[in-house]
Amino acid sequence: MLMEVTASAIISLSAVPTSGASDTAQFVASQVEQGRRHLQDSYAFGLRAKGVFGELYQTLEECREPNWDGYGAEPVLDTTYQLAQKFLEVLPLGMPAPSIGAEPDGHLTVEWYRSPRRTLSVSVSPEGELHYAALIGSAKAYGTEPFFGEAPKAIVDLVHRVMAA
């Protein structure tokens with residue numbers, strides 16, 4: 001029974017929320033996190049096997065110096081990289097792979113693109129804010145969500161809407 005509950009938690013949760021302080025609660029939380037990391041390495045469920053984390057690191061390396069674009073761009077900071085990495089890690093398993101980019105203000109961009117009229121861009125700031133803009137047909141959605149270590153529902157829902165058939 002415990003294995004079924006743990007497997008269900010691994011697949012359905014985007015992070016391991018626990019307020020339990022007992023040894024058992026901590027053990028279950030660590031097992032769920034270990035299972036998520038393992039599934040994150042699988043092509044079917046995770047973004048790591050799809051090369052997203054490698055693309056994120058490559059973008060950091062290419063954009064960590066001032067003026068990386070030849071037009072005065074701000075450098076991408078390690079803080080921004082760490083926040084973007086954590087954001088990708090806590091996305092629900094099975095999410096489509098986004099592309100990664102950098103912006104002249106030093107933010108990192110995570111983008112899901114299906115067509116010119118179905119796209120979502122999430123800008124990760126070094127302050128821990130997720131600025132997003134989506135175009136889904138003729139509908140537009142945009143806003144800012146604070147990032148506290150969990151994938152914001154508004155952004156997850158937009159990914160599903162953008163990538164829906």
Side-chain angles (χ1 to χ4, degrees), residues 6-7 9-17 29-116 118-136 144-165:
T6 303
I10 289 170
I11 292 172
S12 65
L13 296 176
S14 61
V16 184
S30 105
Q31 292 299 300
V32 169
E33 184 58 29
Q34 183 179 359
R36 276 191 59 77
R37 281 193 307 267
H38 180 70
L39 288 173
Q40 201 51 271
D41 291 333
S42 76
Y43 192 81
F45 292 110
L47 297 177
R48 195 169 310 282
K50 296 175 184 170
V52 174
F53 291 93
E55 185 179 351
L56 177 65
Y57 184 75
Q58 182 178 356
T59 303
L60 169 69
E61 287 298 307
E62 292 172 359
C63 304
R64 68 179 341 151
E65 297 298 324
N67 195 34
W68 54 263
D69 66 350
Y71 295 98
E74 295 293 318
V76 173
L77 303 175
D78 288 340
T79 304
T80 309
Y81 168 77
Q82 292 164 356
L83 287 165
Q85 183 177 30
K86 183 64 176 169
F87 171 65
L88 292 168
E89 287 173 352
V90 300
L91 288 171
L93 294 168
M95 288 290 263
S99 59
I100 306 296
E103 300 173 16
D105 62 2
H107 294 193
L108 285 166
T109 302
V110 180
E111 183 175 277
W112 287 268
Y113 178 89
R114 184 165 174 94
S115 73
R118 296 184 81 80
T119 187
L120 167 65
S121 180
V122 178
S123 177
V124 181
S125 79
E127 295 81 29
E129 295 179 326
L130 303 174
H131 306 282
Y132 64 91
L135 181 61
I136 305 166
T144 300
E145 293 284 335
F147 181 61
F148 295 121
E150 295 182 15
K153 183 177 178 347
I155 293 174
V156 171
D157 290 346
L158 284 170
V159 172
H160 291 302
R161 289 179 57 201
V162 164
M163 300 308 286

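This one's a predicted model, so the numbers in the text were calculated from it and none came from an experiment. Index from 1, following the sequence. Computation of the quantities below employed the complete heavy-atom set of this structure, encompassing side-chain atoms and omitting hydrogens, waters and symmetry-equivalent molecules.
- Between Glu111 and Thr109, the side chains place no donor N or O within less than 3.5 Å of an acceptor N or O (distance only, hydrogens not considered).
- Residues Cys63 and Ala102 approach most closely at SG-CB, 3.7 Å, considering heavy atoms.
- Taking both residues in full, the closest heavy atoms of Leu83 and Ser125 are given as CD1-O, 3.4 Å, listed atom of the first, atom of the second, then distance.
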message: Could you go through Val52 and Tyr57, starting from their C-alpha distance and side-chain angles, then the distance that decides it, and tell me whether this counts as side-chain contact (heavy atoms from CB on, under 4.5 Å)?
response: CA-CA 9 Å; Val52 174; Tyr57 184 75; over 6 Å; no
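- The OH atom of Tyr81 lies 8.5 Å from the CD atom of Glu61; values are rounded to the nearest 0.5 Å.
- Shortest non-hydrogen contact noted between Ala84 and Val124 is N-CG1, 3.8 Å.
- More than 12 non-hydrogen atoms from other residues, nucleotides or ligands lie less than 6.0 angstrom from OH of Tyr113.
- A donor and an acceptor atom, one from each side chain of Thr144 and His131, are located under 3.5 Å apart.
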query: What do the steps show when you test Lys86 against Gln82 for side-chain contact (heavy atoms from CB on, under 4.5 Å), and what is the final call?
result: CA-CA 6 Å; Lys86 183 64 176 169; Gln82 292 164 356; over 6 Å; no
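- Rounding to the nearest 0.5 Å gives a distance of 11.5 Å between CZ of Phe87 and CG of Leu108.
- Note that the CD atom of Glu62 and the CH2 atom of Trp68 stand 9.5 Å from one another [nearest 0.5 Å].
- Contact record, Ala151 with Leu91: CB-CD2, 4.0 Å, taken as the closest heavy-atom pair.
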task: With side-chain contact (heavy atoms from CB on, under 4.5 Å) as the test, would you mind laying out the steps for Gln85 and Phe53 before giving the verdict?
output: CA-CA 7 Å; Gln85 183 177 30; Phe53 291 93; 3.9 Å; yes
Show me the side-chain donor-acceptor pairs of residues 73-80 shorter than 3.5 Å, one per line, residues at least two apart or across chains.
residue: Asp78; atom: OD1; partner: Arg64; partner atom: NH2; Å: 2.5

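- For Glu103 and Ser123, the side-chain atoms include at least one donor-acceptor pair closer than 3.5 Å.
- For the pair Glu55 and Ser99, the minimum side-chain heavy-atom distance is below 4.5 Å.
- Taking each heavy atom of Pro92 and Met95 in turn, the nearest pair found is O-CG, 2.9 Å.
- A distance-only check finds a donor-acceptor pair linking the side chain of Trp112 to the backbone of Pro96 [under 3.5 Å].
- With sequence neighbours excluded, no residue forms a salt bridge (Lys or Arg N to Asp or Glu O under 4.0 Å) with Asp105.
- Residues passing the side chain to side chain contact (heavy atoms under 4.5 Å, CB included) test with Leu158 are Leu120, Tyr132, Ala134, Ile136, Ala141, Arg161, sequence neighbours excluded.
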